[in-house]
Amino acid sequence: MAGEMLNVGLIGLGTVGAQVADRMLSWGPQLSRRAGMELCLRRVLVRHLNKRRSIEISPSLLTTRPEEILDDPEIQVLVEVAGGDDPVHSYLERAIQAGKHVITANKVVMARHGPELLDRAAEKNVDVYFEAAVGGGIPLISTFRTDLQANRIERVSAVINGTTNYVLGRMASAGLPLSEAVAEAQAAGYAEADPTDDIAGFDAAYKLAILGSIAYEIRVRPPEIYREGIEAIEPVDFRYARELGYAIKLIAHTQRHPGRIEARVHPAMVPLDHPLARVEGAENAVFVEGDLVGQVLLVGQGAGGRPTASAVVGDLIDLARSIRRGVQFRPSFSFDDRIGVVPMGEVTTRAYYRIRVEDRPGVLAAIGQVFAEEGVSISSFIQKDAWSQDQTAELVVTTHPAQDASLQNARNRMADLEPVRAVSSFLRVF
Ligand SMILES: NC(=O)c1ccc[n+]([C@@H]2O[C@H](COP(=O)([O-])OP(=O)(O)OC[C@H]3O[C@@H](n4cnc5c(N)ncnc54)[C@H](OP(=O)(O)O)[C@@H]3O)[C@@H](O)[C@H]2O)c1
C-alpha cells in the first residue's frame, strides 16, 4: 500500500458533497486501509467560492473552474454530486474521454444518458459507479450487479420516492389535504421548494429507468415509463382504502414479459399485508423477484446527505480496490436493444374508482353496463355516503384484473354518463 494514492476531484459540496468530503477528510486512515491505497481529495468544484459550508474544508481545495478537475492529469476519479443534466453531463463525458473513472449520485444523468456513458466508459476502460443515484444509502445497484447476477429478474416493485411517501403518510394519518401535507414535508426538509419532480412522479420514473436498465440489461428511457403523480388523491381515498384493506403508495413497478417489459410509476392501493404498504415516512423499499433467489426486500434511507455519502464513498473504496488489483473486476453492461416497453394500455391491472352520482334509480345499472361493455369484471361495489341536500351519493368500485386501456375507457365513459357528476378518483390496485 505504501506510496499508492488515488486522487479524487469532487463536483458539488452541498447536502451530499459535504458529507462525502467530510468522510474523506476525517476518516482517511480507515478508508485507506479498506481501499488498499490512500484516497486524496485534491480539488472540489462549486458554484460559489464564498458560500458558508456545513463542514470545515480548506478554501485552497475549492474552485469554480471545471478544467481544474477535468484537465488535471493527476486526478484519476471524478466524484459528481452536483445534480441536474447540463453542464454536469458534459463534465462526465469529458472526464471519461480523458480516462478518468466516474462516481455519480445523479439520477437525471444516469436515467437519460446512463447506457451511453457506460458504453463510452467501457471503450475507454474506465468505470462508472452510480450506487447513490437510486435509493440513497440502500445498496441496490451493487446488489443487482453482483449478488443477483445469477438470476433472471422477473419483477422489481418499489417505494422509491421518500417525499411522496412522507406526504401520503401524513394524508393518511392526519387526514391532511395534499397541499398541507406538502407544506409540512417542505418544513421538515423532505420536499424541495418546487416539489413537482417528486409529486408528479418524475423522480421515481428516473430511478425506475435506472433500476429497469440494470435489472433487465436493456435501455429503459424515462419517457417510455408510464407516469402518474399523486396530485389527484384526496384524504377520503385513504379512508376508503383502509376500509378495503389497502394503503395508498406511489409505486414504481417493472415486470418481465415475453420479449418486453412493463414499467410504470403511479399511485396504487397496496394490500396492507404487502411489505411495501408498511414503508413509512421518507424511507424507501425495493422488492425484487429473481428466478433463483425468489423474493428479496431492501429497505432503508433513500435520501439524505449521510446515507447518500455512504453509497458514494463505498463506490470509491470499491473502485480503489479494483484499480489496485489492476482489474475491472465488476462486470460491464451489455444492453439488449431488442427488448422494449409494453404500452400502459396493454398492461393488466386492477382499479379502484370513486364516483359521485345522482342518487336515483337506474344509476347502478348504467355504470354496470359500462364495465360489462369494456369486459371489466367488478370485484366490489359499495355505496358510501349519500347527501340528501343535493341528492348525490358516492360509489366505490374495485375491479378484477383487466387491460388497463379498458379500465381507463370505463373511467372516461362513466364520466360522460348523465347521472354521474364526477369520477373523483381512479387508482390502480396493486
Ligand atoms: N440530497 C439527497 O438526499 C440526495 C440523495 C440521493 C441522490 N442525490 C443526488 O446527489 C446530487 C447532489 O444533491 P444535493 O442534495 O447534495 O444537492 P445540493 O445540496 O443542491 O448541492 C449541489 C452542489 O453542487 C454544486 N453545483 C451545482 N451545480 C454546479 C455546477 N454547474 N458547477 C459546479 N458546482 C455545482 C453546488 O455548488 P454551491 O454550493 O457553490 O452552490 C452545491 O455545492 C444530485 O444529483 C441529487 O439528485 C441527492
Side-chain angles (χ1 to χ4, degrees), residues 9-23 41 43-55 57 59 61-70 78-95 102-114 117 128-141 158 160-166 185-186 188-198 202-207 209-211 222 281-284 286 300-316:
L10 179 66
I11 303 187
L13 196 61
T15 306
V16 179
Q19 296 305 320
V20 170
D22 190 52
R23 198 61 165 185
L41 183 58
R43 188 67 76 225
V44 182
L45 179 69
V46 292
R47 275 179 307 202
H48 311 96
L49 279 183
N50 299 320
K51 192 166 162 179
R52 240 180 108 85
R53 303 289 165 188
S54 61
I55 58 157
I57 188 161
L61 281 176
L62 306 188
T63 178
T64 54
R65 291 157 45 86
E67 57 275 19
E68 286 193 24
I69 290 178
L70 300 173
L78 174 68
V79 174
E80 184 272 308
V81 283
D85 197 331
D86 268 322
V88 165
H89 172 219
S90 67
Y91 296 162
L92 300 192
E93 280 187 328
R94 273 173 65 187
V102 164
I103 295 169
T104 179
N106 194 322
K107 63 199 147 244
V108 178
V109 165
M110 287 312 293
R112 290 187 180 155
H113 316 288
L117 286 174
V128 175
Y129 286 69
F130 50 99
E131 183 61 69
V134 188
I138 309 172
L140 289 175
I141 307 301
I160 200 77
N161 179 271
T163 306
T164 43
N165 204 49
Y166 178 89
Q186 286 166 326
Y190 291 128
E192 309 266 338
D194 176 0
T196 312
D197 256 14
D198 295 316
F202 289 105
D203 175 88
Y206 287 136
K207 292 168 177 169
I210 298 171
L211 282 182
E283 237 175 27
N284 284 186
V286 181
Q301 292 304 314
R306 286 171 64 81
T308 309
S310 159
V312 172
V313 181
D315 275 352
L316 185 59

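Both counts, for ligands and for their atoms, begin at 1 and track the order of listing. Everything quoted here is computed from the prediction, not taken from an experiment. Starting from 1, each residue takes its place in the sequence as its number.
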Original post:
With hydrogens left out, which residues have an atom under 4.0 Å from ligand 1, given that only heavy atoms count?
Top reply: G12, L13, G14, T15, V16, L45, V46, R47, H48, K51, R53, V81, A82, G83, P87, A105, N106, K107, A132, A303, G304, T308

List, one per line, each side-chain donor-acceptor pair under 3.5 Å for residues 81-89, sequence neighbours excluded.
from, atom 1, to, atom 2, distance (Å)
D85, OD1, H113, NE2, 3.1
D85, OD2, R112, NH1, 2.9
D85, OD2, H113, NE2, 3.1
H89, NE2, E93, OE2, 3.4

Subject >> Separation of T104 OG1 from D315 CG (nearest 0.5 Å) >> reply: 10.0 Å

Original post:
Partners of T163 by side chain to side chain donor-acceptor pair (under 3.5 Å), sequence neighbours excluded?
Top reply: D198

**OP:** Would you indicate whether Y190, at its atom OH, is surrounded by more than 12 heavy atoms from other residues, nucleotides or ligands within a distance under 6.0 Å?
**Re:** no

Subject >> Other residues, nucleotides, ligands: >12 heavy atoms within 6.0 Å of R306 CZ >> reply: no

Original post:
Got a sec, which pairs hit side-chain hydrogen bond (donor to acceptor under 3.5 Å, both in side chains) with one end in residues 43-55, sequence neighbours left out?
Top reply: R43-E68

